[in-house]
Amino acid sequence: MDIQKIGVIGAGQMGNGIAHVMAQAGYDVLMTDISQQALDAALASVHKNMARQVSRGKMTEADMDAALKRIVTTLDLPDLGATDLVIEAATERETIKQAIFDDLQPHLQPHTILTSNTSSISITRLASRTDRPERFMGFHFMNPVPVMQLVELIRGIATDAETFASCKAVVDKLGKTSASAEDFPAFIVNRILMPMINEAVYTLYEGVGNVLSIDQSLKLGANHPMGPLELADFIGLDTCLAIMNVLHDGLADTKYRPCPLLTKYVEAGWLGRKTQRGFYDYRGDVPVPTR
Ligand SMILES: NC(=O)c1ccc[n+]([C@@H]2O[C@H](COP(=O)([O-])OP(=O)(O)OC[C@H]3O[C@@H](n4cnc5c(N)ncnc54)[C@H](O)[C@@H]3O)[C@@H](O)[C@H]2O)c1
């Protein structure tokens, strides 16, 4: 299928990154959110990030201007009915995603492919509530989207071969690499990554190390480019907790129980970089550990 117009639902850190790479690859993008402020902030982020690419010689100014013009925003979800491919990247909560697909469905063209950027929620279950489970799949970008090379493509039980091929062709056009994952909780990357982050929070909770010693240990001792707590702040602690809950519930194994300290940070509203405080405090010039 020839995909030209792409709808992005949710203009948070993932939504703006998805709009960025799609517009850069030549797709027309229509992005929606429940908040005008989020849409404005997303456009500002895309502009800032593309300007950085221009200053590094990775993009021309003319290409940036053309790409920015290809991104249009709307507060009306039904407007996305006119797109060929929808990528839902709203908050990681199943009831929110279900309500979005319920509301959008009556406005969709028959051929439109629906996808979710969910990090962990069952694609098969999300698809089953729609009128097109065969044209529904997981389209899972990594953060930050313009930088990270991988996109996980997840087939639900009913996803047909044409839908998979169409989404894979989009990933190819972005110049990214796709990995095919089966539809089990958290797929491949987060099935492995999140228990490690959760274990780092347990290590902090039990006083085995502090924020700095834990991050430094994994950076220098395991050659990770970022420490696990720094990475958790980057991903968003609410998203990390939501993924651990999906693993815990979906696999019914106590080894996936979320650390109570992670829950406490989320309850405090200390969600990481996006709220300026998490395992580090980002309000000053340099990040300061909060424990
Ligand atoms: N943060 C990551 O590292 C990461 C990586 C891969 C995938 N994801 C997934 O991407 C999705 C978004 O994550 P994020 O980090 O961008 O979150 P975020 O909190 O930065 O943004 C979520 C956005 O969704 C919007 N939203 C909420 N309800 C909505 C609705 N009904 N309609 C439209 N918009 C709505 C919010 O206003 C917000 O702007 C989640 O499913 C998450 O699991 C996140």
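In listed order, ligands and their atoms are each counted from 1.
- T290 has its side chain within reach of Y265: a pair of non-hydrogen atoms, C-beta onward, lies under 4.5 Å apart.
- Proximity of D33 to ligand 1, defined as any heavy-atom pair under 4.0 Å, is shared by backbone and side chain alike.
- The side-chain tip of K176 does not point at the ring of F141 from less than 6.0 angstrom away and within 45° of straight on.
- Close contacts of ligand 1 with A38, meaning ligand atoms under 4.0 Å from a residue heavy atom, involve 39 (O).
- Among the atoms of N143, some N or O lies under 3.5 angstrom from an N or O of ligand 1.
- Looking at atom 10 (O) of ligand 1, its nearest protein heavy atom turns out to be N117 ND2, 3.0 Å.
- Summarising the local packing, CD1 of I157 is surrounded by 12 or fewer heavy atoms from other residues, nucleotides or ligands at distances under 6.0 Å.
- Contacts with ligand 1 closer than 4.0 Å are made by backbone heavy atoms (N, CA, C, O) of F141 only, the side chain lying farther away.
- Backbone and side-chain nitrogen or oxygen atoms of M14 are examined, and one is located within less than 3.5 angstrom of a nitrogen or oxygen of ligand 1.
- Neither the backbone nor the side chain of L77 has any atom closer than 4.0 Å to an atom of ligand 1 (non-hydrogen atoms only).
- Atom CZ of R93 has 12 or fewer neighbouring heavy atoms from other residues, nucleotides or ligands inside a 6.0 Å radius.
- Side-chain contact between R125 and E94: present, with at least one pair of heavy atoms (C-beta onward) separated by less than 4.5 Å.
- For the pair M31 and I18, the minimum side-chain heavy-atom distance is 4.5 Å or more.
- Atom 21 (O) of ligand 1 has its closest protein heavy atom at G12 CA, 3.2 Å.
- Between D183 and R155, none of the side-chain N atoms (NZ, or NE/NH1/NH2) sits under 4.0 Å from a carboxylate O, so this pair counts as no salt bridge.
- Annotation for ligand 1: atoms under 4.0 Å from non-hydrogen atoms of H140 are 6 (C), 7 (C).
- Among the atoms of E88, none of the N or O lies under 3.5 angstrom from an N or O of ligand 1.
- Ligand 1 has a nitrogen or oxygen under 3.5 angstrom from a nitrogen or oxygen of K274.
- Polar contact check, T239 against ligand 1: no nitrogen or oxygen pair lies under 3.5 Å apart.
- Less than 4.0 angstrom separates some heavy atom of I9 from each of these atoms of ligand 1: 33 (C).
- Using a 4.0 Å cut-off between heavy atoms, I235 contacts ligand 1 through both its backbone and its side chain.
- The distance from ligand 1 to the heavy atoms of K97 drops below 4.0 Å at these ligand atoms: 40 (C), 41 (O).
- The nearest heavy-atom contact from the protein to atom 20 (O) of ligand 1 is Q13 N, 3.1 Å.
- Nearest to atom 22 (C) of ligand 1 by heavy-atom distance, out of T275, L104, T91, D103, is T91.
- Of all the atoms in ligand 1, the ones that sit under 4.0 Å from a non-hydrogen atom of S119 are 6 (C), 7 (C), 8 (N), 9 (C), 42 (C), 43 (O), 44 (C).
- Taking the charged nitrogens against the carboxylate oxygens, E92 and K97 do have a contact shorter than 4.0 Å, which makes a salt bridge.
- Counting heavy atoms of neighbouring residues, nucleotides and ligands inside a 6.0 Å radius, atom CD of Q36 exceeds 12 of them.
- Nearest to atom 41 (O) of ligand 1 by heavy atom, out of E92, M148, M142, is E92.
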message: Run the side chain to side chain contact (heavy atoms under 4.5 Å, CB included) test on L229 and V201 for me, step by step, so that the C-alpha distance in whole Å, both residues' side-chain angles and the decisive distance to 0.1 Å come before the verdict.
response: CA-CA 7 Å; L229 300 172; V201 186; 4.0 Å; yes
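- At a threshold of 4.5 Å between non-hydrogen side-chain atoms, the residues S119 and F187 do not count as touching.
- A salt bridge does not link D215 to K219: none of the charged side-chain nitrogens sits closer than 4.0 Å to a carboxylate oxygen.
- Residues T112 and L80 fail the side-chain proximity criterion, which asks for heavy atoms closer than 4.5 Å.
- Those atoms of ligand 1 with a heavy atom of G10 less than 4.0 angstrom away are 24 (O), 34 (N).
- Taking each of I100, V145, L271, I34 in turn, the one with a heavy atom nearest to atom 28 (N) of ligand 1 proves to be I34.
- For K58, the NZ atom is loosely surrounded, since the number of other residues' heavy atoms within 6.0 Å does not exceed 12.
- Near T118, meaning under 4.0 Å from any of its heavy atoms, are these atoms of ligand 1: 41 (O).
- Atoms of ligand 1 found under 4.0 Å from any heavy atom of A89, numbered from 1 in the order shown, are 11 (C), 12 (C).
- At a heavy-atom cutoff of 4.0 Å, ligand 1 is contacted by both the backbone and the side chain of A90.
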